[in-house]
Number of protein chains: 2
Amino acid sequence: MSEGVEWGIHCCALLAVLPDDIALPASRLAEFHGVPAAYLAKHLQALSAAGIVESGAGRRGGYRLARHPRDISLLDVVDAIDGDTRVFRCSEIRQRGPAALDPSCYRKACGIARAMWAAEQAWRDALAQQTIADLLVGLANDVPSEAAVKAAAWLQEVSR
Amino acid sequence: MSEGVEWGIHCCALLAVLPDDIALPASRLAEFHGVPAAYLAKHLQALSAAGIVESGAGRRGGYRLARHPRDISLLDVVDAIDGDTRVFRCSEIRQRGPAALDPSCYRKACGIARAMWAAEQAWRDALAQQTIADLLVGLANDVPSEAAVKAAAWLQEVSR
DNA sequence: CGATACTCGGATAGGTAGTATCCGAGTATG
DNA sequence: CATACTCGGATACTACCTATCCGAGTATCG
């Protein structure tokens with residue numbers, strides 16, 4: 001899994017706690033998370049294309065959430081950044097080799113692929129149930145509130 | 001996910017329906033599935049190292065299952081070939097940037113990582129529940145029995 | 001008992017996707 | 001209207017997956 005997924009989720013979590021009328025540029029998001037700005041920008045593009053964040057240009061531009069945190073699931077972010085292609089790819093090798101039959105005999109998907117895809121669906125279901133809003137309450141409890149204070153101070157700093 | 005996972009599962013399924021005293025060399029397994037022999041050999045090494053298949057050298061050597069098909073799960077094969085490392089890697093970016101606190105404050109794992117890992121566990125659980133033996137009954141029902149006849153004929157051919 | 005032909009196992013190149021970066025088009029501001 | 005700042009796509013670099021080969025070892029056959 002691409003590292004950008006982790007960055008994207010953290011960015012959404014940060015944007016979720018910002019006032020609605022504040023947008024953060026990619027450079028600020030990168031600074032806050034300590035990651036390369038140029039590369040993070042690429043992933044933010046993907047989030048923007050997927051309709052998860054909104055982008056504004058110009059002097060006071062930047063990124064903000066396009067939807068309520070409750071309406072953004074982890075699956076949305078994963079699909080936006082890593083693509084929504086299936087992880088397991090069936091190359092239909094049962095149709096190759098000396099025991100192969102006419103292609104018309106293989107109407108149902110390969111049982112191996114079905115089992116792999118079912119497991120993958122369980123993974124996607126779990127991700128779909130967890131939203132950015134759910135994460136926020138957990139994150140706040142895991143770390144001393146001092147972190148929120150420092151974050152707010154930094155936000156004041158860069159907003160000046 | 002590596003393509004070798006698909007090959008490994010198909011190989012286990014084929015070995016599972018062979019008589020116990022028959023071993024198939026990597027070259028025959030590759031021929032049956034229509035895949036590159038040299039590359040399949042590499043994945044069979046991984047299955048052997050994981051104790052899923054047994055290898056025998058010499059004139060009548062080859063691979064056979066090391067355990068009963070009921071005792072080989074899809075997760076075993078996936079871990080053997082793709083490695084058992086977590087798909088989502090947490091780089092602890094919450095400890096970086098201007099809002100970072102002392103490392104001792106982060107005793108619990110990051111909530112984002114916990115959510116991602118929980119979903120991953122659901123995926124692993126689903127794979128662990130499905131065994132090679134479970135697959136065999138499905139595969140037999142999906143395809144006309146003619147395939148089994150052709151497979152048996154081919155086996156006779158190469159065993160001569 | 002020895003030669004032989006066949007097997008696995010690890011070490012060695014190539015290709016594709018992810019990683020990292022840059023500069024130009026466009027916009028809200030002053 | 002000039003300007004400074006933003007996003008967006010096009011461009012190199014890197015690591016993993018893909019693909020291959022040859023040597024060590026063994027059961028067989030004469």
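Just so we're clear, the structure is a prediction, and the values are computed from it rather than from any experiment. A note on names: the letters A, B, ... follow the listed sequences, proteins ahead of strands, and every chain is numbered from 1.
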ask   = For M1(A) and dC17(D), what is the distance between atoms CE and C1' respectively, to the nearest whole Å?
value = 18 Å
key: Value in whole Å for how far the P atom of dT6(D) lies from CG of L44(A)   = 13 Å
ask   = Do E6(A) and S91(B) get their side chains close enough for a donor-acceptor pair, meaning under 3.5 Å?
value = yes
key: Under 4.0 Å protein heavy-atom contact, by nucleotide of nucleotides 20-30 of chain C - B base, S sugar-phosphate only   = BB----BB-S-
key: Trace of the side chain to side chain donor-acceptor pair (under 3.5 Å) decision for D125(A) with Q129(A)   = CA-CA 6 Å; D125(A) 288 345; Q129(A) 286 173 9; over 6 Å; no
message = With heavy-atom distances below 4.5 Å as the criterion, would you say the side chains of D71(A) and I132(A) are in contact?
response = no
Within-4.5 Å side-chain heavy-atom neighbours: M116(B) and L127(A) = yes
message = Side-chain N or O of S2(B) versus OP1/OP2 of dT18(D): is the shortest distance under 4.0 Å?
response = yes
key: Under 4.0 angstrom between S48(B) side-chain N/O and dC8(C) OP1 or OP2   = no
Contact under 4.0 Å: Q45(A) side-chain N or O vs dG9(D) OP1/OP2 = yes
ask   = For the pair made of CG in L29(B) and C1' in dT7(C), what is the distance, rounded to whole Å?
value = 13 Å
remark   = Sorted by position of nearest nucleotide on DNA chain C, 5' first, the leading residue of R89(B) and P25(B) is P25(B)
inquiry  = From CD of E6(A) over to C1' of dG18(C), roughly how many Å is that when rounded to an integer?
reply    = 16 Å
ask   = Roughly how far, to the nearest 0.5 Å, is CG of L65(B) from CG of L15(B)?
value = 5.0 Å
key: Interatomic distance, R64(B) CZ vs dA27(D) C1' [rounded to whole Å]   = 12 Å
message = Does R67(A) form a salt bridge (Lys or Arg N to Asp or Glu O under 4.0 Å) with D76(A)? I'd like the steps, not just the answer.
response = CA-CA 12 Å; R67(A) 305 198 295 265; D76(A) 293 331; 3.3 Å; yes
key: Rounded interatomic separation in angstrom, taking CZ from R28(A) and C1' from dC5(D)   = 11 Å
task = Considering non-hydrogen atoms only, spot the tightest contact between W117(A) and F88(A) and give its length.
result = NE1-O, 3.0 Å
query = To the nearest Å, how far apart are E54(B) CD and dT26(D) P?
reply = 16 Å
